[in-house]
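Letters A, B, ... mirror the listed sequences (proteins, then strands); counts begin at 1. If you're wondering where the values come from, they're calculated on a predicted model, not measured in any experiment.
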Amino acid sequence: MLASVILSLINGRGGETAAALLSSGESAVELLLTLLATMTLWSGLMEILDASGDVARLGSLFRRAARPLFPGLKDERCWSAMSLNLSANLLGLGNAATPAGIEAAKLLAAQGQTGLQALAMLLALDNASIQLLPTTIITLRQAAGALNPADVWGMTLITSGASSVAAALLMMLINRGGRRV
Amino acid sequence: MNGLSGAAIVGMTGFIVLRGLMTGTDVYGTFLRGAKKGMQSALELLPALCAMLLMLALINSSGLSLLLSRAISPLTQLMNLPQEVSPLLLLRPLTGSGSIAALEQVFAQCGADSRAGRIASVLMGSSETIFYTMTVYLGAAGIRRLPGVMAVSLAAYLVGAAVCGLLM
């Protein structure tokens, strides 16, 4: 930030910078209105999905699929926190995902080497972030006047799928290497 | 909004409400509870959003963003990403509100339906604030560092970005 202040004075662009600076607060409020609308609406809907028990059901489905990614992990509480974290992330339920992730991180850290490797895998998967319905992006696109705001959906799934697969494979390689040492 | 994705959004909403009714959930009360949580987390974004838009305004009008985009241009060219997406590509792993601001900037510059606007949307929707997530979870677990995760996450992020650029 300081660097840009100095650079703008050197380049003699103080006037333009001042104008941009003053209008940025206004655009923040405009942007917030859009975010407020979408986050309120979808958090409400997702809370229903959570309360109906479907998030937990998705979690148990994930558990069966993800066994090979977390070799040697037996602890029941770890598995339930992890699957809640990943399924909440999948649904874009940030409010539910973070506490579950923190719980999982604490439990896994207490499990020694196996736990740490599992935590590394969990974080790598979380960071690759597959989200079934990118509601915020769709709403932001709608607000920006896109003709068909949801038309990036398919590509978003492909992209996050690709990065999740890449993350899982790379992490598996690293964890394998770590076990041999 | 039209087509398959429009129908899917409507279908998803219907499915959620239907599941709520089927399992005997208090649909209205639960909606209000969740909506309130969402509203609060959105409102809490305002100060950071304000700071990030200010920072982006400074970076852009001072010419710093041009310098940075040029610095990473070998990478973006390799991944076939338009130059307007560079600020977003740099900010996305660091800050959530900053990347929303950068996405808005792409929309304002090129339009939401332009190639840059569409790529920026996909990039934003398919990635996570890596550094933030790491800080929160590792901090909670009391671990200083977990080898490999950062490198793997950033590599996977770049794989995603390359998929965007090369397929769109």
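- With hydrogens and angles disregarded, a donor-acceptor distance shorter than 3.5 Å links the side chain of A:Asn175 to the backbone of A:Gln117.
- For a residue to count as touching a neighbouring chain, one of its non-hydrogen atoms must lie under 4.5 Å from one of that chain's; by this rule B:Thr23 touches chain A with the side chain only.
- Interface remark: of the candidates A:Asp50, A:Leu31, A:Leu170, A:Leu31 forms the most heavy-atom pairs closer than 4.5 Å to chain B.
- For B:Phe107, the part lying under 4.5 angstrom from a heavy atom of chain A is the side chain only.
- One N or O on the side chain of B:Tyr157 and one on the backbone of B:Leu89 form a donor-acceptor pair closer than 3.5 Å.
- Interface remark: B:Leu67 contributes side-chain atoms only to the contact with chain A (heavy atom separation under 4.5 Å).
- Heavy-atom pairs under 4.5 Å with chain A peak, among B:Met124, B:Met12, B:Gln40, B:Glu104, at B:Glu104.
- Here the CD1-CG distance, from A:Ile130 to A:Leu86, works out to 10.0 Å after rounding to the nearest 0.5 Å.
- Both the backbone and the side chain of A:Leu41 come within contact range of chain B, with heavy atoms under 4.5 Å apart.
- Contacts of A:Asp54 with chain B are made by side-chain atoms alone, with heavy-atom separations under 4.5 Å and no backbone atom involved.
- In this structure, a donor-acceptor pair under 3.5 Å is present between the side chains of A:Thr139 and A:Thr38.
- Interface remark: A:Thr98 contributes backbone and side-chain atoms alike to the contact with chain B (heavy atom separation under 4.5 Å).
- Looking at A:Ile137, only its side chain comes within 4.5 Å of chain B, counting heavy atoms on both sides.
- Between chain A and the residues B:Leu45, B:Ile16, B:Val163, the most heavy-atom pairs under 4.5 angstrom are made by B:Ile16.
- Here the side chains of A:Met39 and B:Ser41 are in contact, with some heavy-atom distance below 4.5 Å.
- Between A:Arg63 and A:Ser80 the shortest side-chain heavy-atom distance falls below 4.5 Å.
- Heavy atoms closer than 4.5 Å to chain A are found in the side chain of B:Leu103, but not in its backbone.
- In terms of non-hydrogen atom pairs under 4.5 Å with chain B, the most contact-rich of A:Leu122, A:Leu157, A:Asp126, A:Leu108 is A:Asp126.
- Each of B:Ile119, B:Leu166, B:Leu75, B:Ile72 was compared with B:Leu81 under the side chain to side chain contact (heavy atoms under 4.5 Å, CB included) criterion, and only B:Ile119 meets it.
- The residue among A:Ala109, A:Gly53, A:Gly101, A:Ala124 with the most heavy atom pairs within less than 4.5 Å of chain B is A:Gly101.
- With hydrogens and angles ignored, the 3.5 Å screen pairs no side-chain donor or acceptor of B:Arg19 with any backbone N or O of A:Leu49.
- Ranked by heavy-atom pairs under 4.5 Å with chain A, the first of B:Ala101, B:Ala57, B:Gly139, B:Ala120 is B:Ala57.
- Proximity to chain A is limited to the side chain of B:Thr25, based on heavy atoms less than 4.5 angstrom apart.
- Contacts of B:Val159 with chain A are made by side-chain atoms alone, with heavy-atom separations under 4.5 Å and no backbone atom involved.
- Interatomic distance, CG of A:Leu169 versus CG of A:Leu69, reported as 9.0 Å (0.5 Å rounding).
- Atom OG in A:Ser163 sits 9.5 Å away from atom CG in B:Leu123 (nearest 0.5 Å).
- With a 4.5 Å cut-off on non-hydrogen atoms, A:Leu119 touches chain B through its backbone and its side chain both.
- Between A:Phe70 and A:Trp79, the angle of the ring planes goes over 60°, which puts this pair in the perpendicular group of the 30/60° scheme.
- With a 4.5 angstrom heavy-atom cutoff, B:Leu146 touches chain A only via side-chain atoms.
- Contacts with chain B were tallied for A:Leu116, A:Ile48, A:Val152; A:Ile48 has the most, counting heavy-atom pairs under 4.5 Å.
- The most heavy-atom pairs under 4.5 Å with chain A, out of B:Ser127, B:Ala108, B:Ala162, come from B:Ser127.
- Residue A:Arg57 places its CZ atom among more than 12 non-hydrogen atoms of other residues, nucleotides or ligands, all under 6.0 Å distant.
- Interface remark: B:Leu158 contributes no atoms to any contact with chain A (heavy atom separation under 4.5 Å).
- Per-residue heavy-atom pair counts under 4.5 Å with chain B were compared for A:Met171, A:Gln131, A:Glu26, A:Glu103, and the maximum is reached by A:Met171.
- The candidate from B:Val17, B:Leu21, B:Ile100 with the greatest count of non-hydrogen atom pairs under 4.5 Å with chain A is B:Ile100.
- Rounded to the nearest 0.5 angstrom, A:Lys74 NZ and A:Gln111 CD are separated by 10.5 Å.
- Distance check: A:Glu47 CD to B:Lys37 NZ gives 3.5 Å after rounding to the nearest 0.5 Å.
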